[in-house]
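Below is one structure, written out as structure tokens, with a few remarks after it.
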Amino acid sequence: MTTDNQHGPNRRRFLQGAIGTLLAGALLGKPAGRASAGAPAAGPLGSEVPSTGALPYRIGAASVDITPTWRTMLAGFEHRTKPTTGVVQPIHARAFVIDDGTRKVVYVNADICYWESCNKPYRIIGPIREALGKKHGFKPDEILLVATHNHSGPVMGDERFRKLLVDRTIEVVGRAVAAERPARLFFGRGSCGIGVSRRGTDMNGDDLWEINPYGPRDPEVFVLKAVGADGRPFAVTFNYACHPTTIGTDEICGDYVGYAQSEMEKRLGGATALFLQGTAGDIKPDYHAPADRFNFIAPRLCTPDVPVRFGTTLADEVTKVLAAPMEEITGAIRVGRAAVELPVLTGWTGMNQIETDSKPDPARPFSGPTRRMARMARRMFDSMDEAGNYKLTQAAEASVVRIGDKFVNVGFAGEVCTPIGLRVKDQLRGKNVMVTAYTNVYIGYIPGQSQLAAGGYEVFNNYNSLPYSPEAEDVLVCAAMGLVKALDSGKQQQ
């Protein structure tokens, strides 16, 4: 069952697409209608001057449908207790391959919640890496699997879907490799306001699940485009940080991300458009009750037009970036991946729940909102042995892709929260930085140091995550900075 035949959403979608086309024409400095006499016709959105010399890269992109044809359970929301009832929008996997003649890298995204969880025995990433290595010569470090974190895609507990996902991922990378052509690469930035912090605080500074317009967020939209010798774009990737949670029915849907990708592919005349999720662990779409700007409307109450609206808003911003001058990227591809162990606070059930401590202190000397750091220090020391080593750690990965001197991508596993992504961009200011989360293995939420004292869902109120120590942020960011320095000095990590 699909809702695409409903007149309301279709009419809205048509009007939104038309507005986006007019906007693109205006931003290009050309009228959307007939060109004036004697003036050259406006080129396609995102076009560059055609090339006459050798092009620096071979780039290919492709998309495949990964929508299951059977009923399955959906990931992302605990309120779902029954299998799917239909398909609002098909879901896809997409691939973007860049090859400089010596080194190559492939980005693969899929409209799923995550690829593979650290606490589940499903083998997904390993078989994909093995197959792409044998068929196309990709090294594990050259393969970045980035989930859109879609909350309306199938669960990984569905064995049939896991097999479909692995097979179609291998297929889509093969198609992208086969589609490689000489190309140039460009980047640009925009800003989008659809995401908002979901971590408010009460008068004691404790976390509340509500819209916080004053909380940290990253509004940046980072766009990469590939153009052929004719100057026309044939592949676009765009990066933004926001949970895809604009719909929570029992129907398959790509959420706002799926609509943003499909809308850009329409506007670009069939080019592949691939979304790379940012550090969105604490960011949700700002869809609130009309009478209360601080309260979210529950996703299960959202109608199919809501993800269309949010996806079109993001697509409009990508359109603005493509319509403006973009800077060219040239130079060699360098990749690196580092394995780290993130420190975990053992025996900890909640920052502000002193009475539940495994070693209760009758005097409660560290209670109250002014003793947060003292409570945290006690938790940290209790989690270490006498040598200062943490008793429990969680394996994680940090990935870095450098292309020339003008582009760096830092990729993290898990649901990294906004303060960490902003810290990476700050420490690499002066470089053009794209930060992706949900990359490769899923390891739960990784809150920023500044968020831990307030507690809340991302810190300890969810079953998917371990309670990470404040030092986890330092371990993760320092690993990424070490990779960037090594790649900048020409030492490629293997």
Side-chain angles (χ1 to χ4, degrees), residues 75-78 113-122 124-125 147 149 151 155-157 198-199 206-207 209 243 277 279-283 337-354 356-359 372-373 375-385 387-399 411-421 423-424 436-480:
F77 295 115
E78 293 183 2
C113 200
Y114 56 80
W115 284 91
E116 182 178 313
S117 175
C118 63
N119 56 12
K120 296 288 176 65
Y122 309 136
I124 298 173
I125 295 175
H149 199 47
H151 283 45
V155 296
M156 291 301 132
R198 67 185 187 188
R199 291 178 57 85
D206 296 333
D207 180 72
W209 182 281
H243 260 69
Q277 185 62 266
T279 51
D282 53 340
I283 304 297
R337 182 161 55 101
V340 296
E341 293 290 332
L342 299 185
V344 174
L345 298 179
T346 54
W348 178 68
T349 58
M351 196 71 63
N352 302 306
Q353 299 173 10
I354 300 299
T356 65
D357 196 321
S358 58
K359 297 179 180 179
R372 296 177 189 277
M373 295 302 103
R375 291 199 295 274
M376 178 62 74
R378 187 177 69 180
R379 304 291 186 194
M380 293 172 67
F381 282 118
D382 286 349
S383 302
M384 302 177 198
D385 60 23
N389 299 313
Y390 281 87
K391 301 171 186 176
L392 179 65
T393 60
Q394 169 61 54
E397 290 182 351
S399 302
F412 292 129
E415 300 204 48
V416 178
C417 291
T418 301
I420 297 177
R423 174 179 169 181
V424 168
T436 54
Y438 309 93
T439 303
N440 300 327
V441 178
Y442 179 83
I443 59 170
Y445 286 96
I446 308 176
Q449 291 173 344
S450 59
Q451 297 174 315
L452 286 164
Y457 179 77
E458 297 84 5
V459 177
F460 64 84
N461 281 345
N462 68 88
Y463 65 89
N464 283 321
S465 302
L466 293 168
Y468 291 110
S469 164
E471 293 183 323
E473 176 182 318
D474 287 340
V475 171
L476 199 59
V477 173
C478 286

query = Is a side-chain donor or acceptor of Ser399 paired with a backbone partner of Arg337 at a separation under 3.5 angstrom?
reply = no

request  = For the pair Thr439 (side chain) and Ala437 (backbone), establish whether a donor and an acceptor sit closer than 3.5 Å, ignoring hydrogens and angles.
outcome  = yes

key: For Ala147 against Cys113, the heavy-atom pair lying closest together   = CB-O, 3.8 Å

Heavy-atom check, side chain of Gln451 versus side chain of Asp207, under 4.5 Å = no

ask   = For the side chain of Gln449 and the backbone of Pro470, is there at least one donor-acceptor N/O pair under 3.5 Å apart?
value = yes

inquiry  = Rounded at 0.5 Å granularity, tell me how far CD1 in Ile125 sits from CD in Glu116.
reply    = 4.5 Å

request  = Apply side-chain contact (heavy atoms from CB on, under 4.5 Å) to Ser469 and list each qualifying residue two or more places apart in sequence or on a separate chain.
outcome  = Pro343, Leu345, Met380, Tyr390, Glu471

ask   = Within a strict 4.5 Å, meaning less than it, do heavy atoms of the Gln277 and Val416 side chains meet?
value = no

message = Once rounded to the nearest 0.5 Å, what's the spacing between atom OG of Ser383 and atom CZ of Arg378?
response = 11.0 Å

note = When every non-hydrogen atom of Gly76 is compared with those of His151, the smallest separation belongs to O-CD2, 3.2 Å

message = If you define the side chain from C-beta out and look only at heavy atoms, does anything of Leu476 sit under 4.5 Å from Phe412?
response = yes

message = Between Asp282 and Thr418, does the side-chain contact (heavy atoms from CB on, under 4.5 Å) criterion hold? Intermediate values first, please.
response = CA-CA 7 Å; Asp282 53 340; Thr418 301; 2.8 Å; yes

message = Side chains of Met156 and Lys120, heavy atoms from C-beta outward: is any pair under 4.5 Å?
response = no

inquiry  = List the residues meeting side-chain contact (heavy atoms from CB on, under 4.5 Å) with Ala339, not counting sequence neighbours, and say none if there are none.
reply    = none

ask   = Of the non-hydrogen atoms in Glu341 and Ala395, which two are nearest, and what is the gap between them?
value = OE1-N, 3.4 Å

Point-to-point distance, once rounded to the nearest 0.5 Å, from CG of Leu452 to CZ of Arg372 = 11.5 Å

message = I'd like to check the side-chain contact (heavy atoms from CB on, under 4.5 Å) partners of Val344; sequence neighbours left out, ordered by chain and number.
response = Leu392, Gln394, Leu466, Pro467, Tyr468

message = Parallel, tilted or perpendicular, judged at 30° and 60°: which one describes the rings of His243 and Tyr438?
response = perpendicular

inquiry  = Angle between ring planes, Tyr114 versus Tyr442, binned at 30° and 60°: parallel, tilted or perpendicular?
reply    = parallel

key: side-chain contact (heavy atoms from CB on, under 4.5 Å) assessment of Glu458 paired with Cys417   = CA-CA 9 Å; Glu458 297 84 5; Cys417 291; 4.3 Å; yes

ask   = Closest approach of Ala396 and Ile443, non-hydrogen atoms and distance?
value = CB-CD1, 3.5 Å

query = Are the charged groups of Arg423 and Asp474 less than 4.0 angstrom apart, N to O?
reply = yes

inquiry  = Using 0.5 Å steps for rounding, measure from the CD1 atom of Ile446 to the CD atom of Glu473.
reply    = 10.0 Å

